[in-house]
Amino acid sequence: MNDMKNDLYLRTLRGEKVERTPIWVMRQAGRYLPEYRAVRKQAGDFLTLCKTPELACEVTMQPIDRFGLDAAILFSDILTIPDAMGLELVLEEGVGPVFNKPVRSEADINKLTVPDAEDDLGYVMDAVRVIRKELDGRVPLIGFTGSPWTLASYMVEGSGSKEFRRIKGLMFESPQAAHTLLQVVTDSVITYLKAQVAAGAQSLMVFDTWGGMLSTANYQTFSLSYMQQIVSAIKSDAATKDIPIVLFTKGGGQWLEMMADTGCDGLGLDWTVDITNAKARVGDRVVLQGNMDPVVMNTGTTQVQDNAMQVLEGYGQHQAGDKGHIFNLGHGIQPFAQPDNMKALVDTVQGQSSKFHA
Ligand code: 1CP
């Protein structure tokens with residue numbers, strides 16, 4: 001197990017005392033990198049890239065090779081599960097992900113079944129296996145999923161959304177049907193994450209990108225309770241109980257205590273959260289991951305260095321009882337980011353953070 005050359009990220013998630021702050025970046029493989037765009041072009045389209053393990057491996061490795069980040073994240077997408085459920089994902093240029101067969105009725109919901117992780121999503125597991133082999137212990141590999149609420153939002157809306165008219169309509173008008181949908185998605189997520197771990201994923205992250213669109217009561221009922229099921233399932237299975245799991249609800253800064261109550265190992269923070277305040281609230285219970293504003297990466301190197309230091313200083317000195325900090329952005333890096341800024345960011349965090357671990 002412990003053949004890692006750089007296991008700083010995993011040691012941090014286990015709450016161990018570490019020599020400096022590890023860094024990885026949400027969406028670290030992607031459109032801001034010219035070498036990603038070249039492989040994407042070679043693949044022809046995004047889904048082919050995801051479904052070709054050698055190419056998925058190649059783009060996973062690109063930011064590791066170029067910047068020396070402390071963790072790799074599987075190149076895939078959260079929408080693989082609904083695709084495997086038969087919704088037919090297409091990525092439309094300039095539009096984003098779209099489903100040809102969205103979920104629009106209770107009859108559609110009742111037809112959904114849990115995809116088999118190896119038969120229907122074997123390409124994801126193959127990618128995990130190929131990437132682990134290629135990484136050869138350089139850094140740990142993060143597996144991931146969308147949260148049930150976030151996946152259900154795309155499934156019912158049929159694409160990205162700003163107002164979430166359809167999924168919220170379902171939630172308010174037919175809560176039982178919404179729960180049926182969320183349960184089949186949750187069961188699918190649990191099977192999928194366990195299979196990723198069996199294939200070689202060394203930590204797990206749940207992206208609840210749209211949980212922050214809910215009222216507090218509805219967040220608890222329609223998003224958090226299903227993430228709770230996921231954490232409980234991972235922590236109660238001998239094969240996965242030692243795999244750290246991080247929850248990230250974008251816009252969830254006011255709910256950190258109840259998120260920590262799930263028993264997860266870490267919480268992702270978006271950039272609106274004051275990390276000093278988050279540490280005071282839950283820093284003795286969970287590792288905090290975040291949270292520089294991703295737009296800083298589209299500006300100048302000085303701004304990147306200054307803002308990275310502000311986040312490190314915001315978490316402050318690591319003292320006994322603090323679970324720890326993983327540096328990240330508060331949301332995914334954007335296509336407009338300057339690759340040179342990623343280098344500046346990694347150099348700043350890796351070069352300057354040891355003084356906070358004295
Ligand atoms: O080449 C392209 O044009 C494809 C763009 C792209 C990429 C690079 C999509 C389509 N997905 C991905 C990869 C991806 N998506 C990764 C792995 C790469 C990495 O992190 O290095 C991950 C973890 C995701 C996760 C993801 N997909 C989320 C959750 C995280 C977040 O950013 O909030 C979400 C919401 C998606 C849906 C999705 N897939 C793709 C796009 C453009 C979107 C967002 C659509 C929207 O805004 O609603």
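Indexing begins at 1, ligand by ligand and atom by atom, following the structure's order.
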With backbone taken as N, CA, C and O and side chain as the heavy atoms from C-beta onward, which portion of Arg27 lies under 4.0 Å from ligand 1: side chain, backbone, both, or neither?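 Both backbone and side chain of Arg27 come within 4.0 Å of ligand 1.
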
For ligand 1, the portion of Lys250 having any non-hydrogen atom under 4.0 Å away: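 It is neither; nothing of Lys250 touches ligand 1.
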
Which ligand 1 atoms are under 4.0 Å away from a heavy-atom of [X]?
X      : answer
Ile73  : 19 (C), 20 (O), 21 (O), 23 (C)
Leu74  : 17 (C)
Gln28  : 19 (C), 20 (O), 21 (O)
Phe207 : 23 (C), 29 (C), 30 (C)

Below 3.5 Å, N or O to N or O, backbone or side chain included: is there any such pair between [X] and ligand 1?
X      : value
Ser161 : no
Ala29  : yes
Trp210 : no

For [atom], the protein heavy atom that lies nearest, with its residue and separation:
atom                    : value
atom 14 (C) of ligand 1 : Ser76 O, 3.1 Å
atom 1 (O) of ligand 1  : Arg40 NE, 2.4 Å
atom 29 (C) of ligand 1 : Thr209 OG1, 3.4 Å
atom 41 (C) of ligand 1 : Pro97 CD, 3.8 Å

If you take the centroid of each ring, where Trp contributes its six-membered ring, are Phe172 and Phe222 closer together than 6.0 Å?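 Here the rings of Phe172 and Phe222 have centres that are no less than 6.0 Å from each other.
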
Ligand 1 contacted by Gly160 (non-hydrogen, < 4.0 Å): yes

Decide whether the shortest distance between a heavy atom of Val25 and an atom of ligand 1 is less than 4.0 Å. no

Donor-acceptor contact below 3.5 Å, side chain [X] vs main chain [Y]:
X      : Y      : answer
Thr150 : Trp210 : yes
Asn6   : Val139 : no
Thr299 : Val295 : no
Arg14  : Tyr9   : no

Is [X] salt-bridged to [Y], going by a charged N under 4.0 Å from an acidic O?
X      : Y      : result
Glu93  : Arg40  : yes
Asp340 : Lys343 : no
Arg11  : Asp7   : yes

Answer with yes or no whether the side chains of Tyr315 and Thr21 bring together a donor and an acceptor at under 3.5 Å.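 Distance-only check fails for Thr21 and Tyr315.
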
Under a plain distance cut-off of 3.5 Å, with no hydrogens placed, do Gln229 and Gln183 share a side-chain donor-acceptor pair?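 Side chains of Gln183 and Gln229: pair found under 3.5 Å.
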
Measure from [atom] to every heavy atom in [options] and give the option owning the shortest one.
atom                    : options               : result
atom 22 (C) of ligand 1 : Phe144, Tyr32, Tyr36  : Phe144
atom 40 (C) of ligand 1 : Leu151, Asp77, Val206 : Asp77
atom 7 (C) of ligand 1  : Tyr154, Phe46, Trp24  : Phe46
atom 10 (C) of ligand 1 : Leu33, Leu69, Leu91   : Leu91
atom 32 (O) of ligand 1 : Lys162, His331, Glu93 : His331

Thr145 pairs by side-chain contact (heavy atoms from CB on, under 4.5 Å) with which of Ile78, Ile81, Thr80?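 The side-chain contact (heavy atoms from CB on, under 4.5 Å) with Thr145 is passed solely by Ile81 among Ile78, Ile81, Thr80.
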
One pair to check against ring pair (Phe, Tyr, Trp, His ring centres under 6.0 Å): Phe207 and Phe144. What are the steps and the verdict? CA-CA 7 Å; Phe207 289 102; Phe144 71 90; 5.6 Å; yes

